[in-house]
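When a ligand or atom number is given, it counts from 1 through the structure's own listing order.
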Amino acid sequence: MMDLIIKNGTIITATDTYQGDIAVKDGKIALIGQDLSDVEAKEVIDASGKYVLPGALDAHTHLEMPFGGTTSADSYEAGTRAAACGGVTTVFDFVIQRKGQGLIEAVEARRKLCEPQACVDYAFHTAITDLRPEILEELADSVEYGVPSFKVFTVYKKEGMMVEDGVFTKLLQKSKEVGALIGVHAENPDQIDQRTEEFLAEGKTSAWYHYMSRPEFVEAEAVKRAIHWAKSFDAPLYIVHLACKDGLDEVTRARDEGYEIYAETCPHYLHFTSDVYKREDGRNFVCSPPIKGKESQDALWEGIKRGDIATIATDHCPFQSHEKDWGKDDFTKIPNGCMGVENLYPYMLDAANRGRITFNKAVELCSTNVAKIFGCAPQKGTIAPGSDADIVIYDPNKKFVISKDNMHSDIDHTIWEGVELTGYPVMTFSRGKLVFKDGEFLGTPGHGQFVKRKGRK
Ligand code: DUC
Ligand code: ZN
Ligand code: ZN
């Protein structure tokens, strides 16, 4: 006896589109067939006229992260609740290693916080900020533990998160040996500091100067340098939240030369341009790297079509309006980060619905590639027998206007307010459990499980 059968839907994976029925048992996909009418199940859902997709994996969130003089405003519960309602069935959250902390110690502390709250499954990347010799050795243990991906920041010196080139290159070399993947947040810190100082001295304090203090060339230089190091040591590299054309051109070049370079971008870089920083509420869009000009936006879409952008993730790191307001008269006081975990999949699927990309491509970018790159395929990221029953039922005809009132996180505003989508998820299943239906969250905190991932060896 099956637990669930989803009948008559159009199943869409990264590679295939076909009509079929899916049977679920014990949280896993047990059977897929053209007609499973003869198979007994406790529950049958008719998905006629709907698309049946693998749940998305958001490779980049910052939930309840101490940052910018406060803590990002979505707890693990609120963030994973919003995720479920946007069709995201696995979130990858960033653990920030504090000075003196061990890698697994840092992960376990966050795991403990997350576990009772998580409404969908979760994985972690660890941002390394303190590379002592024993930490370099601990990299292999972390891979073994199920956290085989790490990140370095080339910025956030004052926050104690920035690493020097020596640390970055040691990590790249070690990553090859132990089967880890290093990610990088790439912007030039000296340019940011210098330009910020100049703008403040000139009384240029609006949100626009957040963008002007770290424009296209400030990001591009750091992306190029990061790729230079990855190429020099022939190590794979994942560039998080890539937002600029010149950086992407370098990614394309390196990939054409045969290097294993992955680029992630975010929906806010694909939808908005730097003009948002001229708006009265420009501070709400302040994130780093900032949203760039139209030329970069167009290039990112082209990069998606070419296959040089591997994943779309959100960098979900929201702050409440009153916190964003700290920077009303001084952009340096605006906590950096925007919301997006609930908008990722609907936004990219809307792009598919409009014909900008295919549905298979949207699934590849938001789900399959993430699972493959970060070592949890085929458990996650596809619809196949044996995979977790992380499934989204999508109505391609449903009209949806994003508003803070129909979002499910704890945030009092959204940068996506008023954006109109055609097509929207109507159900999300996390390991066979219905966690979202027709606008309503139906999950439970504590349901989400830690996803133990494999290294690259
Ligand atoms: N950028 C943000 O905007 N927020 C969190 C961290 C980051 O790098
Ligand atoms: Zn970042
Ligand atoms: Zn981030």
Side-chain angles (χ1 to χ4, degrees), residues 57-74 79 83 88 91-98 110 122-129 149-163 168 182-189 192 196 207 210-211 213-215 218-219 222-223 226 237-244 247 262-269 272 274 276-277 282-292 311-320 323-324 326-327 331-341 343-344 370 374 409 411 414-415:
L57 288 80
D58 188 344
H60 193 150
T61 70
H62 300 278
L63 302 177
E64 55 185 286
M65 179 176 79
F67 190 64
T70 178
T71 299
S72 64
D74 267 335
V88 170
V91 299
F92 287 63
D93 200 59
F94 279 93
V95 172
I96 314 287
Q97 177 208 17
R98 300 292 158 200
R110 297 300 286 185
Y122 53 94
F124 295 108
H125 312 287
T126 305
I128 296 178
T129 64
S149 49
F150 303 89
K151 170 164 134 183
V152 294
F153 290 93
T154 67
V155 288
Y156 300 129
K157 203 187 302 180
K158 287 191 278 298
E159 291 83 350
M161 301 197 308
M162 186 182 117
V163 305
F168 181 29
I182 306 298
V184 61
H185 171 138
E187 292 181 286
N188 182 298
I192 296 169
T196 300
H210 171 72
Y211 164 63
S213 67
R214 41 216 308 167
V218 170
E219 182 187 343
V223 171
L237 177 68
Y238 183 89
I239 298 163
V240 304
H241 52 43
L242 182 76
C244 67
Y262 301 105
E264 165 197 283
T265 192
C266 310
H268 45 280
Y269 302 129
F272 301 104
S274 47
V276 292
Y277 297 117
R283 61 190 168 281
N284 290 341
F285 294 81
V286 164
C287 58
S288 293
I291 298 166
K292 304 300 198 299
T311 63
I312 315 289
T314 65
D315 202 7
H316 183 87
C317 187
F319 295 95
Q320 302 291 10
E323 295 168 316
K324 288 289 195 184
W326 294 337
F331 69 89
T332 64
K333 299 203 165 61
I334 306 169
N336 283 203
C338 299
M339 61 292 294
V341 71
N343 313 107
L344 164 72
V370 182
F374 289 113
S409 87
I411 314 306
T414 170
I415 59 168

Which of parallel (below 30°), tilted (30 to 60°) and perpendicular (above 60°) describes Tyr238 and Tyr262? tilted
Do any nitrogen or oxygen atoms of Asn336 come within less than 3.5 Å of a nitrogen or oxygen of ligand 1? yes
Provide the atom name of the closest N, O or S atom of Asp315 relative to the Zn ion (ligand 3). OD1
Aromatic contact between Tyr277 and Phe331, with the criterion being ring centroids under 6.0 Å apart: yes or no? no
Can you tell me if, anywhere in His185, an N/O/S atom lies at a distance from the Zn ion (ligand 3) that is smaller than 2.8 Å? no
For His316 together with His62, are the ring centres under 6.0 Å from each other? no
Does only the side chain of Asp315 get under 4.0 Å from ligand 1, or the backbone, or both, or neither? Count heavy atoms. side chain
Test of ring centre spacing under 6.0 Å for His210 and Phe285: no
Residue selection (non-hydrogen contact nearest atom 1 (N) of ligand 1) among Ser288, Ala127, Pro289: Ser288
The Zn ion (ligand 3) reached by His62 (N, O or S, under 2.8 Å): yes
For residues Thr70 and Glu323, is any side-chain donor paired with an opposing acceptor at under 3.5 Å? yes
Near Gly337, which atoms of ligand 1 are under 4.0 Å from a heavy atom of that residue? 3 (O), 4 (N)
Give a yes or no on whether the backbone of Ser72 and the side-chain of Asp74 come within a donor-acceptor separation of less than 3.5 Å. no
Is it true that a side-chain atom of Glu219 and a backbone atom of Ala243 form a donor plus acceptor pair closer than 3.5 Å? yes
Test of ring centre spacing under 6.0 Å for Phe124 and Phe94: no
Minimum-distance protein heavy atom relative to atom 5 (C) of ligand 1: Cys317 SG, 3.6 Å
Quick one: look at Cys287 and ligand 1, take heavy-atom pairs under 4.0 Å, and tell me if it's side chain, backbone, both or neither. both
When you compare ligand 1 with Tyr156, is there at least one nitrogen or oxygen pair between them that comes in under 3.5 angstrom? yes
Of all the N, O or S atoms in His60, the one nearest to the Zn ion (ligand 3) is NE2
